[in-house]
Amino acid sequence: MTFSTGLKCRECGALYPTEACYSCDFCFGPLEVDYDLQAARGVVTRASIEAGPASIWRYRALLPDPGPEPVDLGAGWTPLRRATRLGELLGVRELWLKDDTRNPTGSFKDRVVSVALSSARRLGFSTAACASTGNLATSVAAHAAAIGWPSVVIIPSDLESSKIAMTAIFGGTVLGVEGNYDEVNRLCVELVAEHEDWAFANVNLRPYYAEGSKTLAFEIAEQLGWRTPDQVVVPVASGSQLTKVAKGFHEFLELGLVEGEQPVLFGAQATGCSPIATAFADGADVVTPQRPNTIARSLAIGNPADGPYVLDELRAGGGDCGSVSDDEILECIGLLARTEGIFAETAGGVTIASLRQLLRRGSIDPERSIVAIISGHGLKTLDAVVETATVSATISPSLADAESALRFHQLVAAS
Ligand SMILES: *Cc1c(COP(=O)(O)O)cnc(C)c1O
Ligand SMILES: [Zn+2]
């Protein structure tokens, strides 16, 4: 059972049936999935959700109809961990980490792909495709493999080697484009016109895909004991995750499922690709595209599709957007690992470094609760850390050598 009713234009409100369309015939605005929340009130309850599976599909009633059986590798229901040690270091009272490194293919993209491919299968598609900065490609290839579909994923050819291997292993077609993500995306829009029978997760299936991100908000609120946090820090690439996390909290509040208020949302970007942080700081309504140059490849979208909606959301709630250097990203990957035992990819470094920056700037209130979304696993971007995260010493297999290296290392570590 689902309370989704169809698609609705985000700009003019025109209604569309549940099909594979993504932009409005009247105003070219983006479409999003619409729900009858009135009807859901009192039917979707805490108890009905708690009775569901330990995955995003416990929120099935508030997602697009997946058909008889969702396409499911077990995305979601990842741990929300209280980060006492990191919180103390940053001087905040209540810090939580949403550990989305723990998804089936190691990133939050499993949420959106599970929803997109479920809708695609119900709509009669049988080939999966996407334009990707890496993590989406991996997730599409894995979910397609699990249901026996061919997949065609298109990525910049110079991505991290671990991301390419983690994608190619699933046996689909992987096209590496000599160009950046924005060029990959342009190519995919052209390909959609030629291959209307392919389900491009983030192009023609984008309205369905985007809904998957709401489950981050649903889980955070449920895991906090059915209350909303005060502040949430969200990594931003196209901006889809941030806008849908906002939508998720809205829906839970409107349904009366949670205590609290709409959280203040904060974006996190790398300075080497910070079109939204820049527009926000300049007070601009339009996002000026940038040419990305950062180690945070998963966030390297220079022309973000949901940019204006992110700006609206940040401004409406009194939020802000961090912009952090590659050195800060690397430093904060280490900080998170050493304080909390979580190994995050570069996007996680962007989130933690942005959290620290926004605390220093006074945008985030250290006395109120904070959730930071850690969206991808560190094994995906090993290249970024292999040179610095290495053995403490190389020794011969002798006790004397071991003792001397230990003395030396502990002296150095203590100083
Ligand atoms: C895709 C991605 C995001 C957010 O992407 P949006 O396009 O803004 O939804 C965040 N973190 C990681 C690791 C990602 O792969
Ligand atoms: Zn419209």
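Counting starts at 1 for both ligands and their atoms, following the listed order. Keep in mind that the numbers below use all heavy atoms, side chains included, and drop hydrogens, waters and symmetry copies.
No side-chain N or O of Asn204 forms a donor-acceptor pair with one of Glu196 less than 3.5 Å apart. Thr215 and Trp57 share no donor-acceptor pair across their side chains, judged by distance under 3.5 Å alone.
Under a 4.0 angstrom heavy-atom cut-off, Gly239 registers as being in contact with ligand 1.
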Legend entry - Glu222/Trp77 under side-chain hydrogen bond (donor to acceptor under 3.5 Å, both in side chains): CA gap, chis, key distance, verdict: CA-CA 10 Å; Glu222 182 177 350; Trp77 203 242; over 6 Å; no

If you look only at distance, which donor and acceptor atoms sit under 3.5 Å apart when one is on a side chain in residues 92-99 and the other is two or more places apart or in another chain?
{"from": "Arg93", "atom 1": "NE", "to": "Glu367", "atom 2": "O", "distance (Å)": "2.8"}
{"from": "Arg93", "atom 1": "NH2", "to": "Glu367", "atom 2": "O", "distance (Å)": "2.7"}
{"from": "Glu94", "atom 1": "OE2", "to": "Trp96", "atom 2": "NE1", "distance (Å)": "2.8"}
{"from": "Glu94", "atom 1": "OE2", "to": "Arg227", "atom 2": "NH2", "distance (Å)": "2.8"}
{"from": "Lys98", "atom 1": "NZ", "to": "Thr78", "atom 2": "O", "distance (Å)": "2.7"}
{"from": "Lys98", "atom 1": "NZ", "to": "Thr78", "atom 2": "OG1", "distance (Å)": "3.1"}
{"from": "Lys98", "atom 1": "NZ", "to": "Glu219", "atom 2": "OE1", "distance (Å)": "2.7"}
{"from": "Lys98", "atom 1": "NZ", "to": "Gln223", "atom 2": "OE1", "distance (Å)": "2.8"}
{"from": "Asp99", "atom 1": "OD1", "to": "Thr101", "atom 2": "N", "distance (Å)": "3.2"}
{"from": "Asp99", "atom 1": "OD1", "to": "Thr101", "atom 2": "OG1", "distance (Å)": "2.5"}

With a 3.5 Å cut-off and sequence neighbours excluded, list the donor-acceptor pairs that the side chains of residues 144-152 form with protein atoms.
none

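Taking OG of Ser107 as the reference point, atom CG of Leu136 lies at 8.0 Å (rounded to 0.5 Å).
At least one N/O-N/O distance between Ser375 and ligand 1 falls below 3.5 Å. Distances between N or O atoms of Glu345 and those of ligand 1 include no value under 3.5 Å. Residue Lys109 has at least one N or O atom closer than 3.5 Å to an N or O atom of ligand 1.
Under a 4.0 Å N-O distance rule, the pair Arg297/Glu160 does not qualify as a salt bridge.
Proximity to Leu299 (heavy-atom distance under 4.0 Å) selects the following atoms of ligand 1: 3 (C), 10 (C), 11 (N). Shown in contact with Ser240 at under 4.0 Å from a heavy atom are these atoms of ligand 1, numbered in order with element: 6 (P), 8 (O), 9 (O).
Scanning the protein for heavy atoms near atom 9 (O) of ligand 1, the closest one is Gln241 N, 2.8 Å.
The residue among Ser238, Ser298, Ser139 with a heavy atom at the shortest distance from atom 7 (O) of ligand 1 is Ser238. With distances taken over non-hydrogen atoms, the option nearest atom 5 (O) of ligand 1 out of Ala237, Ser213, Ala268 is Ala237.
Using cut-offs of 30° and 60° on the angle between ring planes, the pair Phe252 and Phe218 is parallel.
Counting only protein atoms, the N, O or S atoms lying less than 2.8 Å from the Zn ion (ligand 2) are Cys9 SG, Cys12 SG, Cys24 SG, Cys27 SG, ordered by chain and residue number.
Residues Ile364 and Leu355 form a side-chain contact, since some pair of their non-hydrogen atoms from C-beta on lies under 4.5 Å apart.
Listed by first and then second residue, the salt bridge (charged side-chain N to carboxylate O under 4.0 Å, His left out) pairs involving residues 251-276 are Arg46-Glu259, Lys214-Glu251, Lys247-Glu251 (not counting sequence neighbours).
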